[in-house]
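What follows is one structure encoded as structure tokens, with my remarks underneath.
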Amino acid sequence: MAFLLYDTRLKQQIEFTPTKPSRVSIYNCGPTVYSTAHIGNFRSFLFADLLRRYFEYRGYQVTQVMNITDVGHLTEDNRADAGGEDKLQKTARELGWDPFKVARHFEDGFHADRRALGVKDAERYPRATDHIPEMLVQIQQLLDRGHAYIPENSGEVYYDISSFPAYGALSGKVVEDLEAGARVEVNQLKRHPADFALWKTDAGHLMQWDPHSDGTWSGYLSSSGAKERPALDPRIGKGFPGWHIECSAMSSRYLGEVFDIHTGGEDNIFPHHECEVAQAVGATGAEYARHWMHARHLLVNGRKMSKSEGTLYTLADLTERGYSPREVRYLLLANHYRQPMNFTLEGLDAARASIARLQNCHDLLVEGEPAPAAPELIEEMERVTAALEEGFGAALDDDLNASAALAHVFDFVGHVNRLKPTGRAATRALAALTACDAVLGVLRAGQSGVIAKEELEAQVGSAPAPAVALELLAAGALSVEDLKRVALARHAARKARDFAAADAIRDGLKALGVQFEDTPSGVRYKLP
RNA sequence: GGUGCGGUAGCCAAGUGGUUAGGCAAUGGUUUGCAAAACCAUCAUACACGGGUUCGAAUCCCGUCCGCACCUCCA
């Protein structure tokens with residue numbers, strides 16, 4: 001089954017064919033580490049994670065690179081506009097920190113949140129500040145090939161968009177229209193208002209590199225592995241890279257001049273990705289990213305996220321409200337990445353209930369009776385399981401239709417709950433569900449179990465008194481042994497029809513987040 | 001102003017010409033000492049509004065209203 005993806009550039013779904021069989025190379029636009037990432041950022045990163053996991057599900061070997069932007073994000077003209085300083089520098093000033101400290105701090109925070117959300121590790125997370133030489137090399141290539149110019153005595157380098165007729169092809173923008181829309185003061189150094197900076201100078205900037213010093217180039221290896229340092233135009237001054245050059249330089253470095261898929265948020269389409277294409281194709285003549293995929297922004301409470309309305313949630317904001325990262329993951333993942341999604345706290349509540357239904361089905365399969373299933377049950381489960389595998393895969397093949405994929409999973413869950421498979425049928429069903437969760441990443445193992453009725457019956461004579469069980473609960477942390485003693489105490493109380501004591505024990509467990517369910521085969525516990 | 005995307009039952013959300021998407025919530029029932037989980041049933045002949053095309057429209061066309069995005073830092 002082929003993967004149909006919506007390509008931003010072609011504005012249509014196309015059938016994906018990898019450059020190399022069974023291998024796929026992906027570049028994701030990553031975070032600018034000047035503040036804590038919010039759920040809007042994470043929608044985009046979860047989309048990238050879904051794409052990665054989908055390819056792995058389909059048996060591809062994935063090479064994924066996500067950049068960490070830690071320098072160079074500023075507005076159009078930082079000298080004319082007081083609010084237009086580098087975002088890193090602005091935070092550094094506000095916190096009284098070194099900008100590199102700011103970058104590492106928020107980069108660490110990004111990775112912590114990302115892991116909490118179950119976003120798998122990419123192969124690389126290159127930082128812009130670690131790749132200044134690569135950027136300078138590409139800037140020099142652009143100068144050599146007539147795509148860039150250095151305004152007299154400026155030390156700066158600008159991209160000459162008139163030299164690249166395809167500029168605008170990705171985003172569908174027309175250069176003449178851009179000029180009319182420009183609101184900011186036109187930088188007099190530029191030949192055309194829409195030309196953009198590759199290298200900037202600013203004496204006030206705290207992060208600067210001298211292109212001609214040995215320090216800047218220490219440790220640099222060219223793509224051929226040589227230590228050679230290319231001849232650089234001496235007019236390029238001490239400064240810092242422009243906003244877009246890092247991505248074209250780093251993607252080429254780690255994925256090659258041509259790679260399969262480039263992703264980002266929809267706001268990246270223009271100007272960021274448009275400029276990347278101009279840079280990469282201008283520098284090498286190669287095609288660059290073969291496909292572009294962009295996630296739509298999310299809304300909160302039906303409106304654009306807003307700091308003043310308190311809807312610019314970070315993951316920490318939500319965990320403080322009692323929501324778990326996997327609930328956030330589920331909600332952000334359960335919508336089609338290319339549809340606008342509306343994020344609400346009510347949605348998180350619904351996500352919690354949905355996950356519980358999936359988790360419960362999963363756990364019941366894990367705990368399933370070993371008794372062999374009847375042939376007709378095996379046959380029926382085989383049919384249902386095959387339908388899941390077929391439907392789930394087909395939904396994802398269709399431009400990562402996660403909502404449709406989930407519908408197939410829930411159909412399957414309904415069948416499993418009705419059929420109650422055991423033995424081989426259960427094993428087969430569990431394997432299929434687990435395979436789906438390799439993509440979804442919302443289930444957990446080992447958080448539930450059954451204390452068998454036989455075991456409780458056998459030891460009921462030596463059961464602790466209810467008060468002893470309550471003491472154990474009051475002490476907090478419970479081992480599995482503790483849990484068994486508590487279950488035994490409650491079992492004895494129930495048997496003696498002392499339901500008040502039994503319920504007190506259950507309430508005490510609930511306070512610790514542990515749930516007890518009485519089933520015909522014994523006590524089922526669910527850990528928090 | 002230009003360009004693009006979207007508005008689907010109480011909520012979230014698939015579906016792009018003809019057969020119940022799915023989840024959550026709510027209500028009733030089965031089960032349970034009571035719960036929980038699960039199952040059954042109802043809410044649901046829903047598709048922003050007004051026209052049009054068609055044997056047939058949530059789906060195509062025209063218009064209107066609303067939301068979002070890019071054009072300007074943003075995932």
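So that the names make sense, note that chain A is the first sequence line, chain B the second, and so on, each numbered from 1.
Between A:Arg418 and B:C40 there is a side-chain N or O to OP1 or OP2 distance below 4.0 Å. A close approach under 4.0 Å does not occur between any side-chain nitrogen or oxygen of A:Asn360 and OP1 or OP2 of B:A37. Contact check, A:Asn401 against B:G15: a side-chain N or O comes under 4.0 Å of OP1 or OP2. The phosphate of B:C70 has neither OP1 nor OP2 within less than 4.0 Å of any side-chain N or O from A:Lys173. Residue A:Asn268 has no polar side-chain atom (N or O) positioned under 4.0 Å from OP1 or OP2 of B:A75.
Ranked by how close their nearest RNA chain B nucleotide is to the 5' end, A:Phe343 and A:Ala356 are led by A:Phe343. With the nearest nucleotide of RNA chain B identified for both A:Phe45 and A:Phe516, A:Phe516 has the one nearer the 5' end.
No side-chain donor-acceptor contact under 3.5 Å links A:His491 and A:Arg494.
With A:His273 as reference, A:Trp292 is the one residue of A:Trp292, A:Tyr27, A:Tyr167, A:Trp243 to meet the ring pair (Phe, Tyr, Trp, His ring centres under 6.0 Å) rule.
Nucleotide B:A26 is matched to B:U42 when pairs are restricted to Watson-Crick or G-U wobble geometry with both distances under 3.5 angstrom.
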Q) How does each nucleotide of nucleotides 18-33 of chain B score, in 5' to 3' order, for protein heavy atoms under 4.0 Å: base (B), sugar-phosphate only (S), or none (-)? A) ---BSSSS-------B
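Judged by the 6.0 Å distance and 45° axis criteria, A:Arg114 is not positioned over the aromatic ring of A:Phe45.
B:A9 and B:A14: their P atoms are spaced 12 Å apart (whole Å).
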Solution key, residues 503-511 of chain A side-chain donor-acceptor pairs under 3.5 Å, sequence neighbours excluded:
none

Please tabulate, for side-chain N and O atoms in residues 403-416 of chain A, each donor-acceptor pair with protein atoms closer than 3.5 Å (sequence neighbours left out).
unit_1, atom_1, unit_2, atom_2, d
A:Ser403, OG, A:Ala334, O, 2.8
A:His415, ND1, A:Asp411, O, 3.0

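Listed nucleotides: B:A14, B:A36, B:C12. Nearest to the side chain of A:Gln515: B:A36.
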